[in-house]
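Let me begin by presenting the structure, written as structure tokens, before commenting on it.
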Amino acid sequence: MEFIYPEVLAFLLLFPAGLSKGVFTNLLMESLCMSVKNMSYDVCSHVELIPGDVQNIIQPELNRLLNWQVLIETILPAFCVIFLGPWSDSHGRRPLILISVLGQFLYYFILSVQVLFNDLLPASYYLLPSIPIGLSGSYSVLVLAIVCSITDFTTTENRAAKMGTFQASCMVGSLIAQFLTAKVSKGPHGFQITFLICAVACFINLLYAIRFVPESVNLTRVSWIPYFSFSILLYYSILASLLI
């Protein structure tokens, strides 16, 4: 079975990210604004209505939370991709694809549940969904696995074209998300609708990966399990060392 349509994974990879990026920042701003004394929901739910003095109060904390989100979602995957790339050469691309897509689905699913209680949760709690992203490898591991799979299944004649359509699909997904963000995120239930759409898109991506993404590496029954176990142990050992 050939990996015929990696463009589907590419589109559903960038679409949720583009749709939710600005909305997540607004969610943090609203939550931080509500924690300021005498601030009401009617004001905090509209970023443009937040007074300048309140903006000065919440902006440093907003930047701190966004920086922590970047650290959680990128530092560990960027470091571990060095090990997971060579590991996948002998033990498979498919596990990396499935785990990464699952992590993205969990991220948006947890966020879509959290926003139901946004009047009760502190802003820092919205960083918790980033943990599955960091543990599952985030976009860096997923893109690595997809690109490696494309390389495995293509020849020198059609490889460049397939890489091009993969990159184009990423751009299209991000572009469409930018056009839709303002429409789906407005209104009193904008956060819930946005993150729910993202969760559904990631769930479809997960189902597609399970059903249509084949393994491009010849695996042996004997060596796969111990090497996979060692790699997982190494991965979480690195995580533990970073958290201590």
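Reckoned from all heavy atoms, side chains included, excluding hydrogens, waters and symmetry mates.
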Do T155 and N158 have side-chain atoms, one donor and one acceptor, less than 3.5 Å apart? yes
Roughly how far, to the nearest 0.5 Å, is the CG atom of N205 from the CD1 atom of I97? 10.0 Å
Parallel, tilted or perpendicular: ring planes of Y107 versus F24, cut at 30 and 60 degrees: tilted
Going through the checks in order, is the side-chain contact (heavy atoms from CB on, under 4.5 Å) test met by L98 and I210? CA-CA 7 Å; L98 295 179; I210 292 173; 3.8 Å; yes
Considering residues, nucleotides and ligands other than Y139, do more than 12 of their heavy atoms fall under 6.0 Å from its OH? yes
Can I get a per-line list of side-chain donor-acceptor pairs under 3.5 Å for residues 51-67, giving both atom names and the distance, sequence neighbours left out?
{"residue": "N56", "atom": "ND2", "partner": "G52", "partner atom": "O", "Å": "3.3"}
{"residue": "E61", "atom": "OE1", "partner": "R64", "partner atom": "NE", "Å": "3.1"}
{"residue": "E61", "atom": "OE2", "partner": "R64", "partner atom": "NE", "Å": "3.4"}
{"residue": "E61", "atom": "OE2", "partner": "R64", "partner atom": "NH2", "Å": "2.5"}
{"residue": "N63", "atom": "ND2", "partner": "Q59", "partner atom": "O", "Å": "3.3"}
{"residue": "N67", "atom": "ND2", "partner": "N63", "partner atom": "O", "Å": "3.1"}

Compare every heavy atom of A123 with every heavy atom of L28, then report the nearest pair and how far apart it is. CD2-O, 3.6 Å
Do you know which two heavy atoms are closest between P77 and V141, and how far apart they sit? O-CG2, 4.3 Å
Is the closest side-chain heavy-atom distance between L142 and Q104 below 4.5 Å? yes
Pairwise distance CZ(R93) to CD1(I146) - rounded to 0.5 angstrom: 12.5 Å
Taking every non-hydrogen atom, the tightest pair across P132 and P129: CD-O, 2.9 Å
Does one side chain, of S20 or Y108, offer a donor that lies under 3.5 Å from an acceptor on the other? yes
Polar side-chain atom of R159 near backbone of T154 as donor-acceptor pair, under 3.5 Å: yes
Minimum heavy-atom separation for S136 and G103, please, with both atom names. OG-CA, 3.3 Å
From CG (L128) to CG (L111), nearest 0.5 Å: 9.5 Å
Is V143 close to L13 at the side-chain level, that is, under 4.5 Å between some pair of heavy atoms? yes
F11, CZ: over 12 other non-hydrogen atoms inside 6.0 angstrom: yes
How close do K162 and P6 get, counting heavy atoms only, and between which atoms? CE-CD, 3.6 Å
Please check if the side chain of S169 supplies one atom and the backbone of T165 the other of a donor-acceptor pair under 3.5 Å. yes
side-chain contact (heavy atoms from CB on, under 4.5 Å) between L12 and Y208: does it pass, once the steps are laid out? CA-CA 10 Å; L12 294 175; Y208 177 83; 5.5 Å; no
Would you tabulate the side-chain donor-acceptor contacts of residues 181-201 under 3.5 Å, counting partners in other chains and residues two or more places apart, or write 'none'?
{"residue": "T181", "atom": "OG1", "partner": "A177", "partner atom": "O", "Å": "2.6"}
{"residue": "S185", "atom": "OG", "partner": "T181", "partner atom": "O", "Å": "2.6"}
{"residue": "T194", "atom": "OG1", "partner": "G190", "partner atom": "O", "Å": "2.8"}

Where do V101 and C202 come nearest, in terms of heavy atoms and distance? CG1-O, 3.8 Å
If we ignore hydrogens and angles and just use 3.5 Å, is the side chain of S174 paired with the main-chain N or O of M171 as donor and acceptor? no
